[in-house]
*Asks:* 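Have a look at this one.
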Amino acid sequence: MKRLPAFLPACALAALAALCAAAPTHAASDSASLAAKSIPQVYAVQNRVFAFAEDGASYSALDLFGAQPAVTTREWPWLGGAEGGATWSNSLLLRANYWISDSQRVARATSLRYQGTFRGGDSVIFADRVGADTGAGLAGSANLTALAVRVAATDTTAALGFGRLGVAYARLASESSNRLFADTVLTFMAFPAASDSAVALYACRWNRLCRADTVSGA
């Protein structure tokens with residue numbers, strides 16, 4: 001074993017010891033089973049961590065708190081990928097947007113259970129409206145941009161942001177159910193410019209074509 005020079009100052013020896021202590025024990029393994037090395041989305045559901053790759057098309061379930069940490073990587077089962085989410089008791093509510101044709105975009109909400117399985121979820125289809133001054137009017141503005149979960153004593157509700165189409169809300173079904181939403185109708189609330197109150201704008205049915213438009217003046 002090579003000895004360190006005796007003339008190294010105490011501060012250098014301390015720094016070297018700290019560096020050695022911080023070095024990974026198995027540097028060669030490189031965590032190849034992770035969904036990605038750059039992970040922009042991380043969520044904790046109970047004691048399990050879900051980490052999504054940048055495009056949301058793959059994700060890893062990380063069990064970090066057991067005696068033997070484990071990583072399981074799976075693929076997103078639909079087109080596109082998870083773009084954002086919110087934790088909800090024993091599951092994770094996720095959102096995605098993707099094209100199914102040259103003229104239709106799908107906004108999907110789904111639930112990833114603690115066990116790592118998906119409930120199919122629900123979606124709204126938006127038709128592209130080509131305007132005289134823009135390449136795509138509706139599909140570029142009406143998509144699922146954000147979501148949150150509100151838990152109350154009597155029910156649980158999802159608040160869903162749809163860009164310039166406003167905010168929608170819908171009651172969630174029980175986590176043990178195969179359904180995601182208890183309501184079949186999605187109600188949009190708009191926030192017009194120069195107003196401090198919300199206005200009931202439109203309602204669409206889940207898993208149907210939504211013929212709503214972007215909010216004029218919002």
Side-chain angles (χ1 to χ4, degrees), residues 41-52 56 59 61-63 65 74 76-98 100 105-126 138 141-192 195-215 218:
Q41 298 184 65
V42 178
Y43 308 95
V45 178
Q46 302 296 333
N47 62 344
R48 178 163 293 168
V49 175
F50 291 101
F52 284 79
Y59 67 96
L62 291 80
D63 294 313
F65 308 107
R74 297 184 175 94
W76 178 258
W78 299 282
L79 296 175
E83 299 174 10
T87 56
W88 165 33
S89 188
N90 292 315
S91 58
L92 177 61
L93 192 65
L94 294 164
R95 62 180 178 87
N97 298 275
Y98 52 88
I100 55 172
R105 182 203 293 268
V106 171
R108 172 177 289 276
T110 187
S111 174
L112 176 58
R113 297 185 177 98
Y114 175 88
Q115 295 85 350
T117 59
F118 282 96
R119 281 195 282 179
D122 293 287
S123 59
V124 176
I125 303 171
F126 293 105
L138 176 58
S141 58
N143 54 80
L144 185 49
T145 58
L147 54 79
V149 177
R150 171 187 173 272
V151 180
T154 56
D155 58 20
T156 303
T157 305
L160 309 168
F162 277 87
R164 289 181 60 81
L165 191 56
V167 174
Y169 59 89
R171 292 184 304 116
L172 288 160
S174 167
E175 284 187 286
S176 60
S177 169
N178 289 326
R179 298 175 56 191
L180 180 58
F181 289 99
D183 296 330
T184 59
V185 175
L186 189 62
T187 304
F188 295 97
M189 303 293 291
F191 299 87
S195 174
D196 59 359
S197 61
V199 177
L201 173 69
Y202 201 79
C204 292
R205 296 183 69 87
W206 283 115
N207 307 307
R208 298 288 189 275
L209 178 66
C210 183
R211 300 185 181 280
D213 203 308
T214 186
V215 183

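These figures come from a predicted structure and were not determined experimentally. For the single chain, residues carry numbers from 1 onward in sequence order.
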*Asks:* Which heavy-atom pair separates A182 from R179 by the least distance, and what is that distance?
*Replies:* O-NH2, 3.0 Å
*Asks:* Taking the side chain as C-beta and beyond, is there a heavy-atom pair between F50 and V45 under 4.5 Å?
*Replies:* yes
*Asks:* Main chain of R119, side chain of S111: is a donor-acceptor contact present, judged purely on distance under 3.5 Å?
*Replies:* no
*Asks:* Tell me whether E83 contacts the main-chain N or O of A96 through its side chain, where contact means a donor paired with an acceptor under 3.5 Å.
*Replies:* no
*Asks:* Measure the spacing between CZ of F181 and OG1 of T156 and express it to the nearest 0.5 Å.
*Replies:* 11.5 Å
*Asks:* Starting at CG of L172, measure out to CG of D155 and round the result to the nearest 0.5 Å.
*Replies:* 9.0 Å
*Asks:* Under 4.5 Å between any side-chain heavy atoms of N97 and R95, yes or no?
*Replies:* yes
*Asks:* For the CZ atom on R205, are there more than 12 heavy atoms of other groups (residues, nucleotides or ligands in this structure) within a distance under 6.0 Å?
*Replies:* no
*Asks:* So which atom in L186 and which in A170 form the shortest heavy-atom distance, rounded to 0.1 Å?
*Replies:* CD1-CB, 4.1 Å
*Asks:* Would you indicate whether the side-chain heavy atoms of Y59 and L94 approach each other to under 4.5 Å?
*Replies:* no
*Asks:* Output, in order, the C-alpha distance, side-chain angles, deciding distance and verdict of ring pair (Phe, Tyr, Trp, His ring centres under 6.0 Å) for W78 and Y98.
*Replies:* CA-CA 9 Å; W78 299 282; Y98 52 88; 8.2 Å; no
*Asks:* Please examine the side chains of F162 and C204, heavy atoms only from C-beta on, and report whether any two atoms are closer than 4.5 Å.
*Replies:* no
*Asks:* Without swapping roles, check the side chain of T145 against the backbone of G161 for a donor-acceptor pair under 3.5 Å.
*Replies:* yes
*Asks:* Return the minimal non-hydrogen interatomic distance between N47 and F65, and the atom names on each side.
*Replies:* O-CD1, 3.2 Å
*Asks:* To the nearest 0.5 Å, what is the distance between OG1 (T110) and CG (L92)?
*Replies:* 9.5 Å
*Asks:* When you measure from the side chain of R108 to the backbone of L144, do you find a donor-acceptor pair of N or O atoms at a distance under 3.5 Å?
*Replies:* no
*Asks:* Quick one, N90 and Q46 - any side-chain contact, counting heavy atoms below 4.5 Å?
*Replies:* yes
*Asks:* Is the closest side-chain heavy-atom distance between V42 and V49 below 4.5 Å?
*Replies:* yes
*Asks:* According to the side chain to side chain donor-acceptor pair (under 3.5 Å) rule, which pairs have a member within residues 166-176, sequence neighbours left out?
*Replies:* S89-E175, S91-E175, R171-D183, S174-S176
*Asks:* With a 4.5 Å heavy-atom cut-off, do W88 and L147 have their side chains touching?
*Replies:* no
*Asks:* Using every non-hydrogen atom in the two residues, find where S123 and V106 come nearest and quote the distance to one decimal.
*Replies:* CB-CG1, 3.6 Å
*Asks:* What closest approach, in Å, do L180 and A109 show between heavy atoms, and which atom pair accounts for it?
*Replies:* CD2-O, 3.2 Å
*Asks:* Of the non-hydrogen atoms in C210 and F188, which two are nearest, and what is the gap between them?
*Replies:* SG-CE1, 4.1 Å
*Asks:* Among all residues two or more places apart in sequence or in another chain, which pass the ring pair (Phe, Tyr, Trp, His ring centres under 6.0 Å) test with Y43?
*Replies:* none
*Asks:* Would you compute the distance between atom CG of D122 and atom CG of N207 and round it to the nearest 0.5 angstrom?
*Replies:* 4.5 Å
*Asks:* Do V167 and L160 make a side-chain contact, defined as non-hydrogen atoms from C-beta onward lying under 4.5 Å apart?
*Replies:* no
